Amino acid sequence: MIDADGLVALPGLVDLHTHLREPGYEASETVLSGTRAAAAGGFTAVFAMPNTSPVADSAGVVEQELALGEAAGYATVQPIGAVTVGQKGERLAELGAMATSRANVRVFSDDGFCVWDPLIMRRALEYVKAFGGVIAQHAQDPRLTEGAQLNEGSVSAELGLAGWPAVAEESIIARDILLAEHVGSRLHVCHLSTAGSVELIRWAKKRGVAVTAEVTPHHLLLTDELARGYDARFKVNPPLRTQEDVLAVREGLADGTIDIVATDHAPHPSEAKACEWQAAANGMVGLESALRVVHQAMVQTGLLDWADVARVMSANPARIGSLAGHGTPIAAGQPAEFTLYDADAQGVFAEADLHGQSTNSPYLGRDLPGKVLWTVHRGYVTLEDGVLRELGE
């Protein structure tokens with residue numbers, strides 16, 4: 001029995017965009033450490049991005065990732081398959097083989113790289129249509145972002161950092177909306193970050209295009225002003241944008257234009273961030289802080305209520321990813337996949353709140369509301385009164 005009086009009860013959170021790094025980059029994260037971080041943040045399922053080594057572009061690799069997740073036990077790990085072989089953008093990967101594998105892959109992405117060739121993008125959309133799959137695009141025109149370091153604007157100009165224009169994201173989204181409409185297939189836009197991108201998704205949905213979109217917690221809260229100290233914890237792809245963009249993506253999430261919040265959890269070893277800005281890796285860890293940031297940016301501002309949070313952080317991600325057994329309402333007789341959250345708590349986010357292998361969080365030292373107290377996955381308690389349990393004991 002759990003005394004949940006005064007707590008917010010949510011279906012287990014589902015993250016459609018997580019980098020678990022294994023196989024190949026275990027110095028940054030492993031499936032075990034990443035899913036422990038997920039459980040600490042209230043997540044019971046994560047979709048693992050394919051930029052591993054080897055790349056998850058074959059049935060063998062995605063089945064390995066699935067098995068690692070099953071062995072860890074802290075959350076369901078659903079692999080995402082690469083769109084192209086080696087994420088090189090040259091030829092389609094084994095989409096059908098991954099779809100019919102034990103991993104049952106339904107989401108495909110070259111995240112970290114844009115599927116820039118329009119013909120390959122069209123072919124990918126056509127291919128996955130046959131089995132109800134979706135292409136999740138990292139919308140970044142590579143020519144428009146060569147050497148880019150920070151959102152193109154007054155801050156990048158003042159700091160002398162190469163600008164990353166909003167149009168580099170928006171032009172790819174516009175193209176892919178038209179391709180998805182032409183093919184009649186499903187498109188998902190990863191980590192949308194600009195006001196113009198929100199307008200494009202809004203336009204596409206009015207036209208009836210089968211497009212969905214995600215926004216990260218950090219794009220709901222943080223701006224490029226934080227780069228003034230050259231602290232590489234704030235370097236991310238796509239970059240932090242302006243306050244105008246932050247307000248636009250909040251509005252888009254509130255009115256349903258943007259379907260989900262996804263963390264883009266991207267762990268890196270300390271040496272990849274403790275260096276000059278230009279040499280630092282892009283990315284932030286975000287699993288443990290996501291719900292608290294959404295609480296601050298969307299609930300405390302009155303833009304979402306807790307039922308909305310359940311929709312954008314559990315039900316919709318599970319639906320988009322075709323992940324059965326997740327994102328369903330809490331009900332008697334149903335599998336126990338839920339999170340209990342203390343919305344009245346308040347505290348400084350600290351390294352002690354991080355449970356993965358990397359500490360590249362942009363929220364360290366920042367006051368954030370709330371605290372995840374309990375996470376239950378497949379009927380087993382993974383987080384008990386704010387403390388991760390050691391499974392198998």
Side-chain angles (χ1 to χ4, degrees), residues 1-18 35-47 74-78 214-217 220-221 250 253-254 256 258-263 265 286-321 323-347 349 353 355 363 368-389:
M1 299 291 291
I2 300 173
D3 183 1
D5 187 42
L7 305 181
V8 177
L10 296 168
L13 305 184
V14 178
D15 187 18
L16 198 67
H17 194 144
T18 306
T35 52
R36 283 172 61 88
F43 290 88
T44 59
V46 295
F47 283 73
Y74 282 92
T76 296
V77 175
Q78 175 58 50
E214 71 189 34
V215 64
T216 69
L220 289 169
L221 188 64
R250 287 184 183 182
L253 184 63
I258 300 173
D259 300 85
I260 67 170
V261 174
T263 71
H265 176 82
L287 286 166
E288 297 98 332
S289 53
L291 183 55
R292 297 174 68 180
V293 173
V294 170
H295 181 184
Q296 183 175 80
M298 300 301 296
V299 178
Q300 288 189 336
T301 55
L303 293 169
L304 295 182
D305 60 23
W306 290 111
D308 294 323
V309 172
R311 172 174 52 82
V312 301
M313 296 189 74
S314 182
N316 281 356
R319 175 181 56 80
I320 292 168
L323 188 62
H326 288 273
T328 55
I330 300 170
Q334 297 300 310
E337 300 274 355
F338 65 85
T339 296
L340 298 177
Y341 181 72
D342 183 358
D344 295 325
Q346 183 80 26
F349 194 78
D353 295 307
H355 298 276
Y363 306 108
L368 290 176
K371 183 177 178 61
V372 180
L373 291 181
W374 294 80
T375 306
V376 178
H377 172 51
R378 292 179 175 168
Y380 293 93
V381 175
T382 55
L383 183 75
E384 181 178 4
D385 202 20
V387 179
L388 274 172
R389 294 187 66 171

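In this text the structure is predicted, and so the values were computed from the model without any measurement. Numbers here are sequence positions counted from 1.
- For the side chain to side chain contact (heavy atoms under 4.5 Å, CB included) test, residues two or more places apart in sequence or in another chain that qualify with Leu253 are Val215, Leu220, Ile258, Val261, Met298, Leu304, Val312.
- In this structure, the separation between CG on Leu291 and OH on Tyr341 is 4.5 Å, given to the nearest 0.5 Å.
- For Asp344, the side chain to side chain contact (heavy atoms under 4.5 Å, CB included) test picks out Asp342, with sequence neighbours left out.
- The aromatic rings of Tyr363 and Phe349 sit perpendicular to each other, their planes meeting at more than 60°, with 30° as the lower class boundary.
- Under the side chain to side chain donor-acceptor pair (under 3.5 Å) criterion, Thr35 pairs with no residue, sequence neighbours left out.
- Annotation: side chain to side chain contact (heavy atoms under 4.5 Å, CB included) contacts of Val299 (sequence neighbours excluded): His295, Trp306, Val309.
- Put simply, the side chain of Asn316 gets close to the backbone of Asp259: a donor and an acceptor are under 3.5 Å apart.
- Side-chain contact between Thr44 and Thr76: absent, with no pair of heavy atoms (C-beta onward) separated by less than 4.5 Å.
- In this structure, the side chain of Glu288 engages the main chain of His355 through a donor-acceptor pair within 3.5 Å.
- A heavy-atom distance below 4.5 Å is found between the side chains of Val14 and Phe47.
- Side-chain atoms of Thr375 come within 3.5 Å of backbone N or O of Ala39 as a donor-acceptor pair.
- With a 4.5 Å cut-off on side-chain heavy atoms, Glu214 and Ile320 do not count as touching.
- Here the shortest heavy-atom pairing between Gln300 and Pro369 reads NE2-CB, 3.5 Å.
- For His17, the ring-ring contact (aromatic ring centres under 6.0 Å, His included) criterion is met by His19, His191, not counting sequence neighbours.
- Closest approach of Gly386 and Lys371 over heavy atoms only: CA-CE, 4.5 Å.
- Without hydrogens or angle criteria, Thr339 side chain to Leu10 main chain gives no donor-acceptor distance under 3.5 Å.
- Contacts classified as salt bridge (Lys or Arg N to Asp or Glu O under 4.0 Å) and involving residues 372-387 (residues at least two apart or in different chains) are given here: Glu384-Arg389.
- Shown here for Val46 and Ala38, the closest heavy-atom pair between the two residues is CG1-CB, 3.9 Å.
- Taking every heavy atom of both residues into account, Pro217 and Ala262 meet most closely at CD-O, 3.4 Å.
- Proximity of Thr263 to Phe43: side-chain heavy atoms (C-beta onward) are separated by under 4.5 Å at one or more points.
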